[in-house]
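Data block below; observations after.
Since the model is a prediction, treat every value here as computed from it, not as a measurement. Numbering of residues begins at 1 and proceeds along the displayed sequence.
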Amino acid sequence: MKKIFILSFLLVAVIANVGAQVVSARAVQTNYSNVDPDDSGPAIGSVTYRVELISTAPILADGIGIVVAFQTANLMATPTSTLTRVGPLAAAVNWFVTADNPIGNNIIGGPLPYGGQPFNRRAVFAFNQQAGIPNCPIPTVWTPFIEVTYWTLGSSIPQGGYITIEPGSTVPQNVVSSDGGFTAYEFESPFLNSPTALGGVLPVQFTKFETKCTNTGTLISWATAQEINSSSFEIERST
């Protein structure tokens with residue numbers, strides 16, 4: 001009876017530890033062009049974004065599903081797939097694309113107002129490891145995994161509208177699996193309601209800016225969703 005009690009305690013501890021681990025995803029723009037890709041319309045430009053992942057503790061994945069919400073009024077899929085695996089997913093052995101749906105499916109009951117923006121379409125990108133041994137690491141720092149190029153339709157900033165990663169609690173396909181599929185981590189989306197602008201955007205996209213009075217002066221803090229070709233911040237003041 002004592003051995004059974006110890007074993008049960010260990011199982012509970014393992015389950016609790018798995019449940020405490022968090023895997024998150026975000027989208028970051030990497031390139032934009034204001035040139036019509038095929039010189040025949042209706043697109044007037046193109047944009048590339050990448051999906052980055054992070055985990056609170058290192059894990060080895062054997063399956064990855066990513067769901068991106070976007071706006072068809074400003075963004076259209078290219079005639080042929082432009083999905084590119086980068087980082088750990090590109091280096092991993094015996095991984096296959098099991099779902100590549102850049103055109104996407106209409107969001108039933110949509111559009112959904114993430115961050116005040118209406119999203120009417122979901123694109124699904126899924127990958128599966130076939131060798132039987134998980135070998136794709138999810139690190140503890142933001143790391144790129146895929147890049148995708150779309151064509152832009154808008155004439156004003158942001159020409160490609162907005163995109164955001166939906167959480168696994170909303171879309172079950174948005175998940176990373178490990179341990180031969182026995183362990184699943186639903187992606188969290190910390191920037192769900194701070195969607196990424198696509199197109200000729202400002203170099204820095206802020207998600208928070210706060211000021212507070214303290215005994216020693218003014219305390220200023222901020223957070224950004226993405227930074228393109230930026231190196232530092234300068235704070236100016238006046239009376």
Just list the side-chain donor-acceptor pairs under 3.5 Å for residues 141-150, sequence neighbours left out, or say none.
residue: T143; atom: OG1; partner: V141; partner atom: O; Å: 2.9
residue: T149; atom: OG1; partner: T48; partner atom: OG1; Å: 2.7
residue: Y150; atom: OH; partner: P102; partner atom: O; Å: 2.6

(message) Looking at I133, I want to see if its CD1 is surrounded by more than 12 non-hydrogen atoms of other residues, nucleotides or ligands under 6.0 Å.
(response) no
(request) Inspect the surroundings of CD1 in I220 and state if more than 12 heavy atoms from other residues, nucleotides or ligands are less than 6.0 Å away. (result) yes
(request) Check which hydrophobic residues are tied to M76 through side-chain heavy-atom contacts below 4.5 Å, counting indirect links as well, and list them. (result) W151, L153
(message) Please give the remaining members of the hydrophobic cluster of V124, linking ILVMFWY side chains under 4.5 Å, ordered by chain and number.
(response) V67, V171
Value rounded to 0.5 Å, distance of [atom1] in [X] from [atom2] in [Y]:
X	Y	atom1	atom2	result
E186	Q173	CD	CD	11.0 Å
F70	I163	CZ	CD1	9.5 Å
F125	D100	CZ	CG	6.0 Å

(message) Please determine whether side-chain contact (heavy atoms from CB on, under 4.5 Å) holds for the pair N34 and I44, giving the CA-CA distance in whole Å, both sets of side-chain angles, and the decisive distance to 0.1 Å.
(response) CA-CA 6 Å; N34 62 357; I44 59 176; over 6 Å; no
(request) Scan for ring-ring contact (aromatic ring centres under 6.0 Å, His included) pairs involving residues 92-111, sequence neighbours excluded, and state none if there are none. (result) none
Please list, one pair per line, the donor and acceptor atoms closer than 3.5 Å that link side chains of residues 58-66 to other protein atoms, with sequence neighbours excluded.
residue: D62; atom: OD1; partner: S177; partner atom: OG; Å: 2.6
residue: D62; atom: OD2; partner: D179; partner atom: N; Å: 3.4
residue: D62; atom: OD2; partner: G180; partner atom: N; Å: 2.7
residue: D62; atom: OD2; partner: G181; partner atom: N; Å: 3.2

Heavy atoms only: give me the nearest [X]-[Y] pair and the separation to one decimal.
X	Y	result
V47	G199	CG2-N, 4.0 Å
G41	D36	N-OD2, 2.7 Å
P137	P139	O-CD, 3.5 Å
G200	I157	O-CD1, 2.8 Å
I165	A27	CG1-N, 3.9 Å
N193	G115	OD1-N, 3.1 Å

(request) Not counting sequence neighbours, which residues clear side-chain hydrogen bond (donor to acceptor under 3.5 Å, both in side chains) with S40? List them please. (result) D38
(message) Would a single hydrophobic cluster contain both L83 and L53, if residues Ile, Leu, Val, Met, Phe, Trp and Tyr are joined by side-chain heavy-atom contacts under 4.5 Å?
(response) yes
(request) Tell me whether I107 is reachable from I103 by hopping between hydrophobic residues (I, L, V, M, F, W, Y) whose side-chain heavy atoms are closer than 4.5 Å. (result) no
(request) Give the C-alpha distance, both sets of side-chain angles, the deciding distance and a yes or no for side-chain contact (heavy atoms from CB on, under 4.5 Å) between Q21 and Y185. (result) CA-CA 8 Å; Q21 188 164 343; Y185 304 90; 3.9 Å; yes
(request) Let me see the working for N128 and Q130 under side-chain contact (heavy atoms from CB on, under 4.5 Å), right down to the final yes or no. (result) CA-CA 6 Å; N128 188 43; Q130 299 289 329; 2.8 Å; yes
Checking [X] now: which residues fulfil side-chain contact (heavy atoms from CB on, under 4.5 Å) with it, not counting sequence neighbours?
X	result
Q117	Q71, F119, Y162, P195
D39	none
T80	none
A131	N94, Q129

(message) Looking at S24 and S189, would you say the former's side chain and the latter's main chain have a donor-acceptor pair under 3.5 Å?
(response) no
(request) For the pair S33 (side chain) and G45 (backbone), establish whether a donor and an acceptor sit closer than 3.5 Å, ignoring hydrogens and angles. (result) no
Min side-chain heavy-atom separation [X]-[Y] under 4.5 Å:
X	Y	value
L89	C136	yes
P37	V35	no
P113	P118	no
L75	T152	yes

(message) For a quick check under 3.5 Å, do N120 and T72 share a side-chain donor-acceptor pair by atom type?
(response) yes
(request) Please determine, by modelled atom types, if Q29 and T196 share a side-chain donor-acceptor pair under 3.5 angstrom. (result) no
(message) According to salt bridge (charged side-chain N to carboxylate O under 4.0 Å, His left out), does anything in residues 114-124 pair up with another residue at least two apart or in another chain? List the pairs.
(response) R122-E166
(request) Apply the test side-chain contact (heavy atoms from CB on, under 4.5 Å) to residues F187 and V176: give CA-CA distance (whole Å), side-chain angles for both, the deciding distance (0.1 Å), then the verdict. (result) CA-CA 7 Å; F187 282 132; V176 57; 3.9 Å; yes
(request) Return the set of residues passing salt bridge (Lys or Arg N to Asp or Glu O under 4.0 Å) with R50 (not counting sequence neighbours), or none when no residue passes. (result) E52
